Each structure stands twice: as structure tokens, then as C-alpha cells.
Asks: 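Would you mind keeping the following structure in view while I ask a few things?
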2 protein chains.
Amino acid sequence: MDKQTEQKKVFLEIVQQLRQLIRLEKIQAGEKLPSERVLSERLGVGRSSVREALRSLELLGLIETRHGGGTFLAATHKHQLVEVLSMFILEDEKSKKDVEYTRQIHEKEAIRVISCTEILRTLPVWDSFFVKLEIEGAVNCRDVLREVLITTGNRLALKIWFQLAAYDGDRLNRNSTDEEKIIIQTMLKSMQLGYEKEALQAYEQWMGTV
Amino acid sequence: MDKQTEQKKVFLEIVQQLRQLIRLEKIQAGEKLPSERVLSERLGVGRSSVREALRSLELLGLIETRHGGGTFLAATHKHQLVEVLSMFILEDEKSKKDVEYTRQIHEKEAIRVISCTEILRTLPVWDSFFVKLEIEGAVNCRDVLREVLITTGNRLALKIWFQLAAYDGDRLNRNSTDEEKIIIQTMLKSMQLGYEKEALQAYEQWMGTV
DNA sequence: GTTAAAAAGTGGTCAGACCACTTTTTTGAT
DNA sequence: ATCAAAAAAGTGGTCTGACCACTTTTTAAC
């Protein structure tokens, strides 16, 4: 599984080396980085390779470049953004539990919102899941939760959820078992009736069975 | 305010042109993109510039490159990631409400977790806020919420919150008013005692007054 | 028709050049 | 000695050409 990741990504290595350089040199936010030519020499790579790495970090908002002035470490509040990303992008998956748990935060909130909103909890889409459960005997777990998230109408939360769900995919993107079928039915029914507490209980039970 | 953003970012223009090219050519996920040399010619720029743009998109996970094979549009689930980012990176802030609301999702969840966990709700840090409120008459709203998020121990949720809070900063990074003082005290006290419902009620009231 | 070799295509990297802009240093007039 | 203008150095921005390693396609031989 790790064969591919460790293979060879010279380009990413430069990014990592740059991060290391920033850490070792204790370069603070707003301070200047070594010039491209100096970096090229110190890292033993061509200037164009350095630029490719720098350009990536710039798009991420980690650094800022001023034509003729130099390259500077971006303001701190932008770093936070990068940290979130790098956790995924750089495969820093030392906290899979956090990913799962954070995903569930959004799912629970969506269930609450829908249960408390007449217009949302009476949507015909929920009945469609009942039909599917009856006919096919199972539903795709991810589909159910995605629909829940979509229904709330919070685009940002939806996208964050997509992101989290993508990295927790194996346990999510599958068909429900017979055991889960009953739990999901209970959850959806409670939601439709506006029983927030019962819907959440069923959800917790669902996640607990996985 | 927009003077700087529109100035000149030739590098970002290429990224945009690539996005446009992908859209116009209807290139689907997994399909091949034109080669670097072809792109260089079609866009009227040097190959190194094209590569800088491609490398950025690669770090974002939008594209995949195979040595000797070509450049391919990444799988869809990776796109979602990019969308979240671009919402911030490309300053596409057409949904400030969503940012605020999503931020509050995490804050509410943190309050729930703390209220239900003996070890967390009896932490001495909460008392320190009472002291500060008495002596100085006010606390920094952001500080309170940050401490709440930190306490839960979910690093990922914390970082997402930092990100969201940074873009909703003005209304958050300020001292509490006299009116808020009482509400915050109520919220913290309820949390300490494990009264989840009351703590959340106070929180909702707090956010409602802003 | 199959297979092996050759060719073409493509990404990966480097080196050098030139331009535009900024910062620093030097110069010269007061 | 001071200050302003000019020159120099430093730096990012971009392009070109070259070579290598790898993959895909084409060709040639059987």
C-alpha cells in the first residue's frame, strides 16, 4: 500500500525540504525566504524545480512572492488553512479517528437540522430510501448520508463532508447490512416525524455497529 | 480593495485557463490532458510556466501525472477537496453565512462533548475565564471558543475551526460586551455542571446577540 | 498473427539567457 | 555632512533549448 507513496516524487520532496528549511531556519510569518537561486544551489536542484515547488506553495497560500522583492512566508492565519490541507494532501494520516469523528459531527448536525425543519424532514427523497430498502434489501450508506448533508443546504459543510468522507471511504461506500437496514429505517422514520433525539440515537447506533 | 487581486498573476491565469480548457474540452475525470508541449503552444506560454501551473494543480490533487504517460484529470473524489480549498484560496466567498454556520456546528459539538465528559468539564481553565470576567469585566470571544475547541482534543476539528474563524474574524476577535458577559458565564457554568442543554441554549443566545 | 525492435511521444530536470521590478550601494551636487 | 539621483546588485518572471527516463505507438521481422 505504501509502495506507491514512497516511490518517487522529487517534486514533493522539494516541498518537504522547503518546509524543513523553514522550520530549521526558524523563519517566521512575514519573513523572507532565501532567493530561488540560493535555494536552487543549497538543495542541489535546478531553479525551475524550485520554482515549481514555490508556485505550489503560493497557490496554497503558504508563501507570497513580490516581483523583484523576494519570497516571503505568508501570514499565520493562512497557514492554518494549509495545515488542514497538508494533513490530507501530504498523506499525514496520523489521526484517522479525528477524520471519522469530525465527519460524524457534520452528519449529526445535519440530522438535527432536518429533524427540526418541517420542509426538510417531509421531503419525498426520504421515502425513496424506504422503497429502495424494501425492493433491493439494502442502500448505499454513503448515499444516505450524502443526501442528508445535501438537504441541509449548507454548501460549505457539504464540501467539508465530501472531503472527510473521501478519506474514510472504505467503511462508508458500501451497501447496508441486514442489521443496519432496521437501524437506518428507524433513523429516517424518526427524522421524518421530527423526532430529533430518536433519529440521533439511531444514528449513533448505526455508527457503532460499523 | 480589489486593486491588488486583479493586478497581475500570470501564473494564476494559466491555472484558470487550464480549468477553462478542461471545461470546454469536456475532459472527464481520468481522461488525458494535452501534453505540456501542446499546452505551451496553445496557451502561448513557455513550457516551464505550464509546468508551474500543472505542478500546483498536482499538489492540490486535481491532476495526476505519469512519467512518460501524460497528465490526467484526477478522480472525482479528489476534486471535492479542491473545491473546498478554492472556496478560500480563490477568495470565492459567496457564502459567508455558510462559513459562520459551519463554524458554529463545531463550536456546538465541542460544548456538547465537554458537557458530557467529567474530565473535560471540570478543567481549571474554565474557572480562569470567570476570574478574568470578574477582574477585567470582559473576555475575548475568540479565546473562549478556541479553548472550547482545544479542550475536545480533536485536532482536525480544531484546525477546521481555526480556518473558519479566520474568515469570520471581525465578529469573533473582540472583547465581550456587558450583555454577553452574563450569557458567557451562564454557558460556562452550565458546561462545568454538565448541563448540556442549558450550555447550548446560552451559546445560541450568545450567537444570536452578535 | 505474433513478437521484438525501433520510433515517437511525454514528463522530469537542468542550464542559460533576458526582462521587469525592487533593494542596495555608489556617486555627485549642495 | 546631507540628501537626492544614478548606478549596481539582487530577485522574481518567463522563455528556449537541451538531455534523460519512461511510456506508448508504430514498424519490421518472423
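Note on naming: letters A, B, ... go to the chains in the order of the sequence lines (proteins, then strands), and numbering restarts at 1 for each one. Model, not experiment: these values are computed from the prediction.
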Asks: For A:Lys181, is the NZ atom crowded, meaning more than 12 foreign heavy atoms sit under 6.0 Å from it?
Replies: yes

Asks: Is the phosphate of D:dG13, meaning OP1 or OP2, less than 4.0 Å from a side-chain N or O of A:Arg55?
Replies: yes

Asks: Does A:Leu43 CG have over 12 foreign heavy atoms under 6.0 Å away?
Replies: yes

Asks: Categorize A:Gly46 for me: base, sugar-phosphate, or nothing, with a 4.0 angstrom heavy-atom threshold over every strand shown.
Replies: sugar-phosphate

Asks: Measure distances between side-chain N and O atoms of A:Arg47 and base N and O atoms of C:dG16, and say whether any donor-acceptor pair falls under 3.5 Å.
Replies: no

Asks: Look at all strands and tell whether B:Thr65 reaches a base, only sugar-phosphate, or nothing, counting heavy atoms closer than 4.0 Å.
Replies: sugar-phosphate

Asks: Looking for any heavy atom pair under 4.0 Å, which part of the strands does B:Ser40 touch: base, sugar-phosphate only, or nothing?
Replies: nothing

Asks: With a non-hydrogen cut-off below 4.0 angstrom, is B:Ser35 in contact with a base, only sugar-phosphate, or nothing?
Replies: sugar-phosphate

Asks: Would you mind classifying the nucleic acid contact of A:Arg66 as base, sugar-phosphate or nothing, using non-hydrogen atoms under 4.0 angstrom?
Replies: sugar-phosphate

Asks: Taking atom types as they are modelled, would you say the side chain of A:Arg37 forms a donor-acceptor pair with the base of D:dG12 within the 3.5 Å cutoff?
Replies: yes

Asks: Sequence neighbours left out, what pairs pass salt bridge (Lys or Arg N to Asp or Glu O under 4.0 Å) with at least one residue falling in residues 32-42 of chain A?
Replies: A:Glu25-A:Arg42, A:Glu36-A:Arg47, A:Glu36-A:Arg51, A:Glu36-A:Arg55

Asks: Ignoring backbone atoms, test whether B:Thr71 places a side-chain nitrogen or oxygen under 4.0 Å from the OP1 or OP2 oxygen of C:dG11.
Replies: yes

